[in-house]
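In the text below, chain A, chain B and the rest are named by the order of the sequence lines, each starting its count at 1.
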Number of protein chains: 2
Amino acid sequence: MLLSKTCTYGLLATLFVASQKGERDYVPIREISRQLNISFHFLTKILQRLTTHNIMNSYRGPNGGVRLAKTPDEISLMDIIQALDGNKIFEGCVLGLPGCGESTPCPLHQSWSQSRDIIIHSFMSANLANMSQEIQKGNLRISGMENWFTRKDD
Amino acid sequence: MLLSKTCTYGLLATLFVASQKGERDYVPIREISRQLNISFHFLTKILQRLTTHNIMNSYRGPNGGVRLAKTPDEISLMDIIQALDGNKIFEGCVLGLPGCGESTPCPLHQSWSQSRDIIIHSFMSANLANMSQEIQKGNLRISGMENWFTRKDD
DNA sequence: TATAATTCAGACTCTTTTATCTTTAATTTA
DNA sequence: TAAATTAAAGATAAAAGAGTCTGAATTATA
C-alpha cells in the first residue's frame, strides 16, 4: 500500500468535487460520503485536513459543504497526497536504512530512486482539471461497484 | 511505506546471511539481531515465516541458526517480499477501486501501472547472489549507524 | 545425564490507522 | 425566533502492525 486509506479517500473525494457540474457552490460531505461509499465521519475528518491545507473551503449550515479552494488546474494530486500522507512516502530509503544515500547506497537504492521519480512526476503532473475532464467524459472512473448499494451506517 | 517493517527486516536479515563468509553452516538469529539492531524475538518470527516459505532452513540447539534454503542466485528479493508482505502491494488499484482495470481505469491507472512494473522488475531481477557480492565488496551497505551501539533489550 | 544454546510457539502489550458515535457551533429558512 | 441542515470537534472503539515476554522442544557438548 503506497497510499494510506485516508489519502485515497481524500483523492477520490476531491476528484468527485472537482468533477461536479452545475452552479452549486458547496457539495455536502454527506453526499460525497454516499456517492463514494465512504464513512461520513471519517470523510469529514479527512476533508477538514484538506481545508486546513487550503485545498478545500468549507461552509456550515444548509447549502453548506466543501468546495475547491483554488481552480482545478492549480491543485495537483501531489498536493493532496502530501497534505494527507506527508512526504515520508517519497523520502528515505526503501529498506529504512538511516545512512542510505548516493555515497553509501543500500542494495535497492538505484532502482528505487528511478521508480520513485516516475511516481512523483506522475503525481505532480496530474491535476484536478485534466483528471475531472476525463472523468466527465467517462474515460476514467471514480467509484467502483460498491456504490450500487448505499451505506447502512451514519 | 511500500514495504512493511517486517519485510524490510526480513530482507536485511536474508542479505546478512547471504553475505556471511566462512564455512559455518547456520547463523544464529541472535547474532543477526545484534548486527542489524533488530529485536530478537520479532526477527525470530520473521525468519520462521521465511523457513515455512522454504527460503531459509533452520536448526535448533547449539551451533544452530538459519541458513539459505537455496543457492543465493535462486532467491530474488521478490521471493522474500512476497513471502512476508504477500502480493497485495503489486496487485490492484492505487486508489483501491474494485472495478479498476484496462477497460475502466481509475485516474492514476496508467502512470501507476508503469511505475509498478519497474518496481516489480527490479525486485525480481535482484537476487541474493549479486547483492551479497556488492555488499562484500563494500559497495553496498546493509546496516546503518544504529549498530555502532548495541541493543539493550532481549 | 546435566547443562547450555538455540529455534518454535503462543499469548500478550503497545502504537498507529481506521472507523464510529456524540455533542457543539454555525447558518439558512420558514 | 424556532427548526432544520450542515461542518467542527472530541471521545471512543475496532483492527492491524510492531514489538515483547515466557515457556517448551530440540540439539550439542561436557
query: To the nearest Å, how far apart are B:N63 CG and D:dA30 C1'?
result: 14 Å
message: Strictly below 4.0 Å: does B:S4 bring a side-chain N or O up to OP1 or OP2 of D:dG17?
response: no
query: Just how far, in rounded Å, is P of C:dT7 from CD1 of B:I46?
result: 14 Å
task: Select from B:G61 and A:G61 the residue whose nearest nucleotide in DNA chain C is closer to the 5' end of that strand.
output: B:G61
- request: Look at A:T51 and D:dA7 and indicate whether a side-chain polar atom (N or O) is within less than 4.0 Å of OP1 or OP2.
  value: no
query: Between B:H121 and B:D117, is any pair of side-chain heavy atoms under 4.5 Å apart?
result: no
query: Less than 3.5 Å between a donor and an acceptor, one on the side chain of B:K5 and one on the base of D:dG19, is that the case here?
result: no
query: Should A:S39 be listed as having a side-chain N or O under 4.0 Å from OP1 or OP2 of C:dT18?
result: no
field: Any side-chain heavy-atom pair of B:F16 and B:I135 under 4.5 Å
entry: no
message: It should be established whether A:T44 places a side-chain nitrogen or oxygen under 4.0 Å from OP1 or OP2 of nucleotide D:dA7.
response: no
- request: Would you kindly give the CG-to-P distance between A:N57 and D:dA7, to the nearest whole Å?
  value: 13 Å
- request: Quick one: label A:L47 by what it contacts on the DNA or RNA (base, sugar-phosphate, nothing), any heavy atom closer than 4.0 Å.
  value: nothing
- prompt: Hey, does B:Y59 reach any base, or is it just sugar-phosphate, or nothing, if we go heavy atoms under 4.0 Å?
  reply: sugar-phosphate
query: Would you say the side chain of A:I80 lies within less than 4.5 Å of the side chain of A:H53, judging by non-hydrogen atoms?
result: no
- request: Please tell me if the side chains of A:R49 and A:L84 come closer than 4.5 Å, counting only heavy atoms from C-beta onward.
  value: yes
query: Please give, in whole Å, the distance from C:dT17 P to A:L84 CG?
result: 13 Å
message: Measure CZ/A:R49 against P/D:dA7 and give the value in whole Å, please.
response: 18 Å
query: Taking NZ, NE, NH1 and NH2 as the nitrogens, is one of them in A:E134 or A:K137 under 4.0 Å from a carboxylate oxygen of the other?
result: yes
- request: Classify the side chain of B:K45 versus the base of D:dT20 as yes if they form a donor-acceptor pair under 3.5 Å and no if they do not.
  value: yes
- prompt: For C:dA19, does either OP1 or OP2 sit under 4.0 Å from a side-chain N or O belonging to A:Y9?
  reply: yes
Nearest-neighbour nucleotide for the A:F42 side chain, D:dA28, C:dA19, D:dA8 considered: C:dA19
- prompt: Within this structure, what is the CZ-to-P distance between A:F40 and D:dA9, rounded to whole angstrom?
  reply: 14 Å
query: Whole-Å distance between C:dT13 C1' and B:H41 NE2?
result: 14 Å
Minimum-distance nucleotide (side-chain atoms of B:R60 versus D:dA4, D:dT26, D:dA7): D:dT26
statement: B:K88 NZ to D:dA16 C1', in whole Å, measures 11 Å
